[in-house]
Number of protein chains: 2
Amino acid sequence: MREPLPADMFDELCPSSLNPIRFGDKWAALIIRCLESGPRRYSELRVPLSRVTPKVLTQSLRSLERDGLIKRTVHTDTTPHVEYELTPLGHSMLEPLAVACAWSEQHWDELLDARESYDNSTRLDQAG
Amino acid sequence: MREPLPADMFDELCPSSLNPIRFGDKWAALIIRCLESGPRRYSELRVPLSRVTPKVLTQSLRSLERDGLIKRTVHTDTTPHVEYELTPLGHSMLEPLAVACAWSEQHWDELLDARESYDNSTRLDQAG
DNA sequence: CGGTATCCAGCGTGATACTG
DNA sequence: CAGTATCACGCTGGATACCG
């Protein structure tokens with residue numbers, strides 16, 4: 001007989017219960033990956049993340065900064081600008097991120113197929 | 001000089017742009033992990049996921065089923081019951097999931113510390 | 001036992017316009 | 001250049017009660 005699932009397995013205070021795979025908000029992972037190859041300025045980030053409005057981008061960047069994943073630096077020299085870069089902590093997140101991305105790319109088709117056939121059979125159920 | 005970020009890096013249709021690390025909804029990852037050691041009945045899942053209301057649990061299970069990650073089986077023998085189990089696709093997600101969980105457990109303290117010091121310094125900014 | 005029905009609040013997200 | 005302000009909305013997630 002299989003063993004029962006422990007009742008406190010996903011206690012609210014246990015780190016492993018804190019949405020292990022949903023780091024941050026909607027755009028967090030993409031931002032991290034944009035900073036993979038070095039520091040980037042705000043306006044640079046806006047290019048690949050053109051679907052994100054400035055407000056939301058700033059919001060996400062602040063959240064990542066708060067969690068110690070990225071560092072925001074205001075440069076006040078001849079050409080004033082702001083740069084974002086990964087902290088060591090942020091850098092350490094690249095690996096799980098890469099693993100997750102690899103999974104997505106490998107299995108995305110399967111998932112879409114499953115979704116389509118599920119929707120089709122569900123629609124038939126409703127019709128019949 | 002560093003190279004610019006490609007404009008289409010996170011095109012809407014590219015799998016890698018589809019929130020690589022936010023698989024499914026709030027409880028998806030936890031449910032997958034509950035099914036790691038074999039099939040489970042609805043009422044079994046409710047034990048470790050006691051913080052999830054039945055409605056939301058059903059919702060999440062349906063979503064996972066739709067994406068082909070779990071299989072729902074209605075048994076109609078002497079003791080009628082429903083069982084959920086991982087599909088091969090769902091099973092393949094355990095690895096990225098484990099990597100992500102390991103990261104959380106290793107770096108959770110750092111993240112919380114960063115958060116606290118950020119909040120403190122921000123509060124000081126507002127006060128001053 | 002394995003769910004639904006109904007209603008609702010919060011918040012994450014977004015569009016648009018404006019600023020030091 | 002690097003944001004903020006304001007407004008609004010959809011959708012997720014939750015409380016509670018009920019059902020075959």
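Proteins get letters first, then strands, A, B, ... in listed order; numbering begins at 1 in each. Only this structure's heavy atoms are used, side chains among them; waters, hydrogens and symmetry mates stay out.
- B:Arg41 comes within 4.0 angstrom of the backbone, heavy atoms only, and of no base.
- Between A:Ala28 and A:Leu64 the shortest heavy-atom distance is CB-CD2, 3.9 Å.
- Between D:dA2 and A:Arg40, no contact under 4.0 Å exists linking OP1 or OP2 to a side-chain N or O.
- Atom CG of residue A:Leu89 and atom CD of residue B:Glu110 lie 5.0 Å apart, to the nearest 0.5 angstrom.
- Rounded to an integer number of Å, the gap from CG of A:Asp77 to C1' of D:dC1 is 13 Å.
- When A:Asp119, A:Asn120, A:Leu112 are each tested for a side-chain contact (heavy atoms from CB on, under 4.5 Å) with A:Glu116, only one passes: A:Asn120.
- Between A:Arg62 and D:dG3, a side-chain N or O to OP1/OP2 separation shorter than 4.0 Å is present.
- The salt bridge (Lys or Arg N to Asp or Glu O under 4.0 Å) test with A:Glu44 singles out one residue from A:Arg46, A:Arg40, A:Arg41, and that residue is A:Arg40.
- Regarding A:Leu57, its CG atom lies at a distance of 14 Å from the P atom of D:dC1, rounded to whole Å.
- The span of DNA chain C lying next to chain B, judged by atoms under 4.0 Å from heavy atoms, is bounded 5' to 3' by C:dC1 to C:dT13.
- Closest non-hydrogen pair, B:Leu35 versus B:Tyr84, comes out as CD2-O, 3.4 Å.
- In the hydrophobic clustering of this structure, B:Leu111 groups with A:Leu94; members are Ile, Leu, Val, Met, Phe, Trp, Tyr whose side-chain heavy atoms approach within less than 4.5 Å, directly or through other members.
- In the displayed structure, A:His81 atom NE2 is contacted under 6.0 Å by more than 12 heavy atoms of other residues, nucleotides or ligands.
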Atom pairs under 3.5 Å, N or O on each side, protein against nucleotides 11-16 of chain D: can you list them with distances?
from: D:dG13; atom 1: OP1; to: B:Lys26; atom 2: N; distance (Å): 2.8
from: D:dG14; atom 1: OP1; to: B:Lys26; atom 2: NZ; distance (Å): 3.4
from: D:dG14; atom 1: OP2; to: B:Trp27; atom 2: NE1; distance (Å): 3.1
from: D:dG14; atom 1: N7; to: B:Lys55; atom 2: NZ; distance (Å): 3.3
from: D:dG14; atom 1: O6; to: B:Lys55; atom 2: NZ; distance (Å): 2.0

Full working for side chain to side chain contact (heavy atoms under 4.5 Å, CB included) between A:Tyr118 and B:Glu65: CA-CA 8 Å; A:Tyr118 180 93; B:Glu65 190 193 359; 3.8 Å; yes
